[in-house]
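Below is one structure, written out as structure tokens, with a few remarks after it.
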Amino acid sequence: MKRVVVGLSGGVDSSVTAYLLQEQGYEVIGLFMKNWHDDSVTISDECPWLEDSNDAMIVAEKLGIPFQTVDLSEQYKERIVDYMFDEYEKGRTPNPDVLCNREIKFDVFMDIALSLGADYVATGHYCRKEEEIIDGKPVYKLLAGKDGNKDQSYFLCQLSQEQLSKALFPIGELTKPEVREIAKEADLITAEKKDSQGLCFIGKVRLPDFLQQKLQPKEGVIVQVPSSFEAYNKPLPRFENKQAELTYKSKKFEYLVSDGKVVGKHQGAHYFTKGQRKGLAVGGTKEPLFVIETDVDENVIFTGEGKDHKGLYRNVLFVSNEELHWVREDLALQTDEIMEVEARIRYRQPLEKATLYKVENGLFVEFENPQSAIQEGQFVAWYRKEELLGSGVIS
């Protein structure tokens, strides 16, 4: 009998995951991960993890499976929180959920599970895994979840073959309503529970409040850049080759305060991210202002009016070799190779047609259509049909 450790989060998805595995004849153990101790940054007095670990325990009792809580807050602080502060300080925007899966759930947590004699680790992610024998070796594929609204394959875009070989995603074939229905029929306490929001660890936290603990506020100016800014409208130079063209197009626009007009003040450029609309508190424009660039060295935020502002759009991005990851190692591109894919630069974004170009020091992703708010530090993930092939950090 195969043993599976399920990460029970106290939500409906992981509850149903445990239930289904038990129905399929696995020996199931439930573990709740506690990733956060510092209650000084949660917004409300509710302590979400206490309530969640209680729910997880009640579900485990109902299913009659062993249950324990593991405290991973030290590793969490080191690998996720410190990294986040570091990235924001550099003016990049990290994705803690992707990292949490790579570094915590499928690494630290997986090690604990394997030390308990588990054959697999299971989570309540909406994605699927398939196995194919290629050249005599098993190759694991990460596929999108059946529920188009809930597909979470993007959050797992950094997993390796090794991690996938031990992972199970039992609800990947189901839709959210079906999952709730199963929970109801199995009489699980979490059947009607609302989905958790916010960062995967801190419960209900306002990001600026969280960042303010480490990154000191400092006042700077908000500059509005007009659509007539010359760099938007200058003709493209002639390129010697494709790589020169991609290099040129992947560069972001550079702005000076003198390129626009000062329209307000802010409390720290590192609290803002490209494409952001809320929190600027600048009125008087017909359409809302969007952040088109932040300069953390000079502490300036550059904005543009309206969501179609030219400063928001680019169609080429670059991933350096150090931050390039192939889930399908057997399909990894060699220098000068090209691949047609579909890609996304954020969770829930519809997949867009793109071409990958492998060069010596990294990989260019060229989208057919310009993409809004390509943000350094975020992950780009590429797919063929339903399969996620690889990903990388936008540099």
Side-chain angles (χ1 to χ4, degrees), residues 1-36 42 44-72 97 100-101 104-106 109-110 112-113 116-129 143-153 155-156 166-198 200-201 203-204:
M1 195 182 197
K2 296 270 190 193
R3 179 178 291 177
V4 187
V5 167
V6 176
L8 279 183
S9 66
V12 67
D13 297 332
S14 62
S15 306
V16 170
T17 296
Y19 169 76
L20 290 172
L21 288 167
Q22 202 181 25
E23 293 287 288
Q24 288 160 24
Y26 288 97
E27 178 198 346
V28 181
I29 296 174
L31 281 190
F32 177 84
M33 284 174 266
K34 182 178 180 199
N35 292 334
W36 195 246
T42 34
S44 51
D45 299 333
E46 311 161 38
C47 186
W49 71 265
L50 261 179
E51 189 186 316
D52 288 341
S53 69
N54 257 337
D55 289 346
M57 188 170 71
I58 293 167
V59 166
E61 274 174 8
K62 174 87 189 167
L63 297 175
I65 59 175
F67 173 79
Q68 67 185 69
T69 297
V70 289
D71 188 336
L72 305 182
D97 294 307
C100 183
N101 286 315
I104 303 295
K105 290 181 190 156
F106 289 94
F109 183 73
M110 193 171 252
I112 293 170
L116 293 171
D119 298 285
Y120 297 105
V121 164
T123 59
H125 282 104
Y126 286 85
C127 64
R128 293 169 296 151
K129 168 181 132 175
L143 307 180
K146 272 278 156 65
D147 186 337
N149 290 321
K150 288 295 292 181
D151 167 37
Q152 289 172 319
S153 55
F155 290 135
L156 300 165
K166 306 231 185 328
L168 294 177
F169 308 112
I171 63 169
E173 301 287 343
L174 303 169
T175 63
K176 186 78 186 203
E178 289 171 331
V179 167
R180 288 205 184 277
E181 198 46 49
I182 291 171
K184 221 155 68 204
E185 282 169 22
D187 196 21
L188 300 177
I189 180 175
T190 52
E192 306 288 328
K193 191 171 171 179
K194 282 218 309 282
D195 288 353
S196 66
Q197 287 304 322
C200 74
F201 58 100
K204 307 181 175 86

Using residues 54-69 as the side-chain source, report each donor-acceptor pair under 3.5 Å to any protein atom, sequence neighbours left out, with the distance given to one decimal.
residue : atom : partner : partner atom : Å
Asp55   : OD2  : Lys193  : NZ           : 2.7
Lys62   : NZ   : Asp187  : OD2          : 3.3

>> The test is side chain to side chain contact (heavy atoms under 4.5 Å, CB included); show your working for Tyr120 and Leu21 and say whether it passes.
In response: CA-CA 11 Å; Tyr120 297 105; Leu21 288 167; over 6 Å; no

> If every non-hydrogen atom of Ala191 is compared with every non-hydrogen atom of Lys184, which pair is closest and at what distance?
Replying inline: CB-N, 3.7 Å

> Can you name the nearest heavy-atom pair linking Ser14 to Gly7, along with the distance?
Replying inline: CB-O, 3.3 Å

>> So which atom in Glu173 and which in Glu178 form the shortest heavy-atom distance, rounded to 0.1 Å?
In response: O-OE1, 4.4 Å

>> Could you measure the distance from the SG atom of Cys127 to the CD1 atom of Ile171? Nearest 0.5 Å is fine.
In response: 8.5 Å

> Rounded to the nearest 0.5 Å, how far apart are NZ of Lys129 and CG of Leu168?
Replying inline: 5.5 Å

> Closest approach of Glu192 and Arg180, non-hydrogen atoms and distance?
Replying inline: C-NH1, 3.7 Å

> Going by atom types only, do Asp13 and Tyr126 share a side-chain donor-acceptor pair under 3.5 Å?
Replying inline: yes

>> Looking at every heavy atom in both Phe106 and Val121, which two are closest together, and how far apart are they?
In response: CE2-CG1, 4.5 Å

>> Under the side-chain contact (heavy atoms from CB on, under 4.5 Å) test against Val28, which residue among Leu20, Thr17, Val6, Val5 passes?
In response: Val6

> Sub-3.5 Å donor-acceptor pair from the side chain of Asp147 to the main-chain atoms of Lys176, do we have one?
Replying inline: yes

>> Is there a side-chain contact between Asn101 and His125 in this structure, where contact means two heavy atoms from C-beta onward sitting under 4.5 Å apart?
In response: yes

> Pairs in or reaching into residues 24-33: which pass side chain to side chain donor-acceptor pair (under 3.5 Å), with residues at least two apart or in two chains?
Replying inline: Arg3-Glu27

>> I'd like to check the salt bridge (Lys or Arg N to Asp or Glu O under 4.0 Å) partners of Glu23; sequence neighbours left out, ordered by chain and number.
In response: none

> Out of curiosity, Leu8 CG to Thr123 OG1, how far, rounded to the nearest 0.5 Å?
Replying inline: 11.5 Å

> Which distance, rounded to the nearest 0.5 Å, do you find between the CG of Leu188 and the OG of Ser15?
Replying inline: 6.0 Å

> Between Asp151 and Gly145, which heavy-atom pair has the shortest distance, and what is it?
Replying inline: OD1-N, 3.0 Å

> Heavy atoms, side chains only, cut-off 4.5 Å: are Ile182 and Leu174 in contact?
Replying inline: yes

> Is Leu72 close to Ile112 at the side-chain level, that is, under 4.5 Å between some pair of heavy atoms?
Replying inline: yes

> Could you give the distance from OH (Tyr19) to OG1 (Thr190), rounded to the nearest 0.5 Å?
Replying inline: 12.5 Å

> From Met33 CE over to Lys105 NZ, what is the distance, rounded to the nearest 0.5 angstrom?
Replying inline: 5.5 Å

